[in-house]
Amino acid sequence: MPADLLAGLNPEQLRAVTWPAKSALVLAGAGSGKTRVLTTRIAWLLSTGQASPASILAVTFTNKAAREMQTRLSAMLPVNTRQMWIGTFHGLCNRLLRVHYRDAGLPQTFQIMDSGEQMSAVKRLIKQLELSDEKFPPKNVVGFINSNKEAGYRADKVQAIDPYTRKLAEIFAAYDAQCQREGVVDFAELLLRAYELLSRNEALASHYRERFRHVLVDEFQDTNRLQYAWLKLLAGRDNALFAVGDDDQSIYAFRGAEVGNMKSLLADYGVEAPVRLEQNYRSAGNILAAANALIEQNDGRLGKNLWTDAGEGEPIRLYEAFSDNEEAEFVCDEVRALSRDGWDLSDLAVLYRSNAQSRALEHALVNAGIAYRIYGGLRFFERQEIKHALAYLRLVSSPDDDNALLRVINVPARKIGARSVEQLQAASREQGITLWQAACAGGAGRGAVAGFVMLIESLRAERERLNLAEMISLIIDRSGLRAMYEADRKDGEERLANLDELVNAATGFVADEPGMEVVEFLTAASLEAGEHQAEAGEDALQLMTVHAAKGLEFGGVFVTGLEEGLFPHENSLSDRKGLQEERRLMYVAITRARRRLYLSCAQSRMLHGQSRFPIRSRFVDELPPALIHTLSAPKPAPAARQAAWLNETPAWAKAKPAAAGGFSIGQSVSHAKFGLGVVVNAEGGGDEVRVQVNFAEHGLKWLDLRYAKLSAC
DNA sequence: CTCAGACATCATTCC
DNA sequence: GATGTCTGAG
């Protein structure tokens, strides 16, 4: 074995890496060398002859992490990583289903729907079933379907006691039937189908159990019930399930993740205690101390305390801006200063809770001339022009995909309006055929629909002759997409560039299986929607959500928008579990930083087209004050501040500046119980006026002026 | 019957 | 801000 393989590992890391060939849970704090442990573990198993490459199954949460593991591994050992199965849950399940598509009851060319496509499939279904989307909001229906699938339940297994849930279960069943008819699978289905494939087919399951003696899982705290069941199926009784995770970084409960899986694993596999990796190699002492203090406020933790032998480092910097725009300017100023001091822009990240916040930042960055790169948000493969082109590609490959057909049948506009589409849908429903079949049958010979059928047929006729890139290029030309965007003066140019980029991506694409180029390309587009753009190497400031930042680290980090209602998000304020997840999110944000950490909030923020006047996030106040250095904003006098607020007041407030029972927005007031505050909002009229006051001590309160004793000061 | 523009509505986080 | 629905012109 390469002698230096284990060199430089600390005792806990060493214990994890050289753990005997049995199941284990590694509790790996942020920055504790988790990825290194995982890859070194694999390398150690291989180089000591305990495992062959083919016996390794490693699951990560992003494709990026999977690639990184592969790269690191091949750097450590001269080993053929192709024999190992390394990938995401979704990627691996897809692989399984492609190999055993018959046993899984799927067409060979089944396609994967992303969440947007799933949503439109459900909307279409609800309309078809003639249900009101008032009573069955598509969003809720999608949530119902996904959460059941993630828990391992099909429609017939759903716990349905009340009539409403029974109806939902019916829709669920109809949805699955529709997907089956159209040969498409959603993300959750990918997992459930693969699970059922193995659980119903003992021969297959034992084949894979024989093969994968070592199952390793990264980010185990983010697995859902179904994923854990899938892992258990593969690991069986005898194989080694080696899970690495951090309960404090569990931030995906909203998509079904169960931190409880960590405790379950200990019980299910008779693991006495987790291996704890608590030495942090990433962050300076102060940053770590802040993170520890914050996360301690959560309960039910497995428990762990990160430490470092690095020095305290710099204090954490806190900045309270007047407005979201001013916060963005602050970020720009600091970034420029850091850049002057020799920091690489790419070593700096601006984090936020929700994507919408990037707007103000982008605006300021453009003005300041600072190069930046946004991760997530509108991903490449989710842009409409790309989705259009891919929908055509799907139709060429499998015309029965109703979703794809509906997406492009009238894009660009070709005189097939809502009415014609309805007729097609009626025909398809009555005769039990797909839209494509209905289009072929009904519109034969005449009309716009026939023209569309001919277009698709003419493209299909070229399938054999053209390679993938040529096909996409042909689609863009012949469908009229190119002409449509050429005529679009607003952002047609950018969209055309993206389409060219799509052709480029297809040019380099090599399929694993001959003849499967289209299917594999579309699969990659669905499963790697976000990870395409993140590559390019230019030195640029990194912008992303806190979720997207998980697993990454930066020399300097700005955590922005630290306001009640934003971070923690208002939808999570009401329940305890939600709030604890928000706190873990904050923990993740803080622990991304190596040397310098900025926290910022704003006293006014445009949200959903309205000015809001939030108060500072509780998370800021949960940090030890001694660690924090508050940067003084160029504080204008109270009068000027009021003016600044008034400038952003909604129209109604300007229209009736003194309407709120004698109080106006921005006015300082005092209250017998709550003390001093500032009026930030008002509603009502006549003698039923309510005002919202931001109290220095007690935060935001709505007060009814009929009862509250409020006085100007 | 289609289409473009006006209008309303609703907003986390993501594989 | 993006998306869905409505309306009047053609």
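Bear in mind that the values here come from a model prediction, so they are computed numbers and not experimental data. Residue numbers begin at 1 in each chain, while the letters A, B, ... track the order of the sequences.
A sub-4.0 Å separation between OP1 or OP2 of B/dT13 and a side-chain N or O of A/Asn571 is absent. Of the side-chain N and O atoms in A/Thr545, one or more sit less than 4.0 angstrom from OP1 or OP2 of B/dC14. Within the structure, a side-chain polar atom (N or O) of A/Asn355 is placed less than 4.0 Å from OP1 or OP2 of B/dT13. Taking only side-chain nitrogens and oxygens, A/Arg353 never comes nearer than 4.0 Å to OP1 or OP2 of B/dT12.
Closest to the side chain of A/His608, from the set B/dT12, B/dA11, B/dT13, is B/dA11. The side chain of A/Lys123 approaches C/dG4 more closely than any other nucleotide in the set C/dT5, B/dT13, C/dG4. Minimum atom distance to the side chain of A/Gln423 is reached by B/dC1, of the listed B/dC1, B/dT12, C/dT5. The side chain of A/Arg379 lies closest to B/dC15 when the candidates are B/dC15, B/dC3, B/dC1. Taking every side-chain heavy atom of A/His547 into account, B/dC14 is the closest of B/dT12, B/dC14, C/dT5. In this structure, of B/dC3, B/dT12, B/dC14, it is B/dC14 that holds the atom nearest to the side chain of A/Tyr252.
Between A/Tyr352 and A/Phe567, the distance from one ring center to the other does not fall under 6.0 angstrom. A centroid separation of less than 6.0 Å is found between the aromatic rings of A/His547 and A/Phe254.
Electrostatic pairing of A/Arg98 and A/Asp512 does not count as a salt bridge here, judged by no charged N lying under 4.0 Å from a carboxylate O. Taking 4.0 Å as the cut-off between side-chain N and carboxylate O, A/Arg359 and A/Glu362 do not count as a salt-bridged pair.
Counting any heavy atom pair closer than 4.0 Å across all strands shown, A/Ser420 reaches sugar-phosphate atoms only and no base atom. Within the 4.0 angstrom heavy-atom criterion, only backbone atoms of the sugar-phosphate kind lie near A/Ile416; the bases stay farther away. Using a 4.0 Å heavy-atom criterion, one finds that A/Phe89 contacts no nucleic acid atom at all. Across all strands shown, A/Arg584 has no heavy atoms under 4.0 Å from either base or sugar-phosphate atoms.
The 5' end of DNA chain B is approached more closely, in terms of each residue's nearest nucleotide, by A/Lys415 than by the other of A/Lys415 and A/Arg255. Each of A/Leu585 and A/Ala418 was matched to the nucleotide of DNA chain B holding its nearest heavy atom; the match closer to the 5' end belongs to A/Ala418.
Taking atom NZ of A/Lys550 as the reference point, atom P of B/dC15 lies 11 Å away to the nearest angstrom. The distance from atom OH of A/Tyr352 to atom C1' of B/dC14 is 14 Å, rounded to the nearest whole Å. Taking atom CD1 of residue A/Ile112 and atom P of nucleotide B/dC14, one finds them 19 Å apart after rounding to whole Å. Rounded to whole Å, the distance from CD on A/Glu134 to P on C/dT5 is 11 Å. Across the protein-nucleic acid pair, A/Leu573 atom CG and B/dT12 atom P stand 15 Å apart, rounded to whole Å. A straight line from OH of A/Tyr375 to P of B/dT13 spans 18 Å, rounded to a whole angstrom. A/Arg359 places its CZ atom 17 Å from the P atom of B/dA11, with the value rounded to the nearest Å. Between A/His569 atom NE2 and B/dC10 atom P the separation is 16 Å, expressed in whole Å.
An aromatic stacking contact between A/Phe61 and the base of B/dC15 is absent, as defined here by ring centres under 5.5 Å apart and ring planes under 30° from parallel.
Among the candidates A/Arg301, A/Arg583, A/Arg584, the single residue satisfying the side-chain hydrogen bond (donor to acceptor under 3.5 Å, both in side chains) test with A/Asp248 is A/Arg301.
Within 6.0 Å of the CD atom in A/Glu493, the count of heavy atoms belonging to other residues, nucleotides or ligands does not exceed 12.
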